Amino acid sequence: MDLFLKILAAVPVTLFVTLVSFAIGALLALPLAAGRRAPYAIVRVLSKAVIDILRGIPPVVFIFILFFGVGSSVIRWDPVVASIMGLGLISAGHLAEIYRGGLLAVPAGQFEASSALGLGRATIFANVIGPQAFRVAIPGMVTWLISLLKDSSIVSTIGVVEIMFVTNQAARSTGEGLLPFVIAGAVYIAIGSPLAALSRWLEKKLSFGRRG
């Protein structure tokens, strides 16, 4: 019971790192997605390059670069801050592609009709295109949030006291090789299951809405 309570006490840190990283990624993904649809080729190429880099580097490598590389010579990162920045930037790359998929799902006629009405570019995206694209992107965003929750376990490698950090310590101190990790797995499932159910519900509801 004590072991379970110790692991459970680390859940708020895991949720904090996951949710703040997701929020940062969701904001940074907006200019990247806009850049992928920019009228200038150089902007599109640069945006794609940034997205490919953010998506191509494994999260643990990216966090090590920030914490042990940049953090040792340029900026003194707190482990939690380095974790959030690392996972937030990686999230930006993935969410930018999810946003782009949402924009591609909006019929071209919507852009043409909005322009024909004389609406400004900002108004078109805020009131016409954005809501439709966001509606398509929501299930993908929730799916990425679930993946990010699981990926957040790697931040234990730089000393963030979250679920896996506590689990590893418990396994080493007790010599128990199975029970702590089974409990940690159960905790991750308990946190992720409502999100998975939400993703399926949203996908079903929004798909039904499009057919209607």
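Please read all numbers here as calculations on a predicted model, not as lab measurements.
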How far does [atom1] of [X] sit from [atom2] of [Y], to the nearest 0.5 angstrom?
| X | Y | atom1 | atom2 | answer |
| --- | --- | --- | --- | --- |
| Phe16 | Ser152 | CZ | OG | 12.5 Å |
| Ile7 | Met164 | CD1 | CE | 9.0 Å |
| Leu104 | Arg36 | CG | CZ | 8.5 Å |
| Leu198 | Ile138 | CG | CD1 | 9.0 Å |
| Ser21 | Leu145 | OG | CG | 10.5 Å |

Same apolar cluster (I L V M F W Y, side chains within < 4.5 Å links), [X]/[Y]:
| X | Y | result |
| --- | --- | --- |
| Leu27 | Phe134 | no |
| Leu30 | Leu19 | yes |
| Ile189 | Ile191 | no |
| Ile163 | Leu178 | no |
| Val182 | Val187 | no |

Side-chain polar contacts of residues 79-99 - donor-acceptor pairs under 3.5 angstrom, sequence neighbours left out - could you list them?
{"from": "Ser83", "atom 1": "OG", "to": "Pro79", "atom 2": "O", "distance (Å)": "2.7"}
{"from": "Ser91", "atom 1": "OG", "to": "Leu87", "atom 2": "O", "distance (Å)": "2.8"}
{"from": "Ser91", "atom 1": "OG", "to": "Trp144", "atom 2": "NE1", "distance (Å)": "3.1"}
{"from": "Glu97", "atom 1": "OE1", "to": "Arg100", "atom 2": "NH2", "distance (Å)": "3.3"}
{"from": "Glu97", "atom 1": "OE2", "to": "Arg100", "atom 2": "NE", "distance (Å)": "3.3"}
{"from": "Tyr99", "atom 1": "OH", "to": "Ala26", "atom 2": "O", "distance (Å)": "3.0"}

For [X] against [Y], the heavy-atom pair lying closest together:
| X | Y | answer |
| --- | --- | --- |
| Pro12 | Ala9 | CD-O, 3.3 Å |
| Leu3 | Ala170 | CD1-CB, 3.2 Å |
| Thr18 | Leu148 | O-CD2, 3.4 Å |

*Ignoring hydrogens and angles, tell me if any N or O in the side chain of Glu162 forms a donor-acceptor pair with the backbone of Phe165 under 3.5 Å.*
yes
*Short question: side chain of Ser193, backbone of Ala190 - any donor-acceptor pair under 3.5 Å?*
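Not a single qualifying donor-acceptor pair exists.
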*Given side chains that start at C-beta, do those of Thr167 and Ile183 come closer than 4.5 Å, heavy atoms only?*
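No, side chains not in contact.
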*Tell me, do Val13 and Val161 make a side-chain contact under 4.5 Å, heavy atoms counted?*
no
Can you give the donor-acceptor pairs under 3.5 Å from side chains of residues 42-68 to other protein atoms, not counting sequence neighbours?
{"from": "Arg44", "atom 1": "NH1", "to": "Ala38", "atom 2": "O", "distance (Å)": "2.8"}
{"from": "Arg44", "atom 1": "NH1", "to": "Pro39", "atom 2": "O", "distance (Å)": "3.3"}
{"from": "Ser47", "atom 1": "OG", "to": "Val43", "atom 2": "O", "distance (Å)": "2.9"}
{"from": "Lys48", "atom 1": "NZ", "to": "Asp52", "atom 2": "OD2", "distance (Å)": "2.9"}

*asked:* Would you say CZ of Phe181 has more than 12 non-hydrogen atoms from neighbouring residues, nucleotides or ligands within 6.0 angstrom?
replied: yes
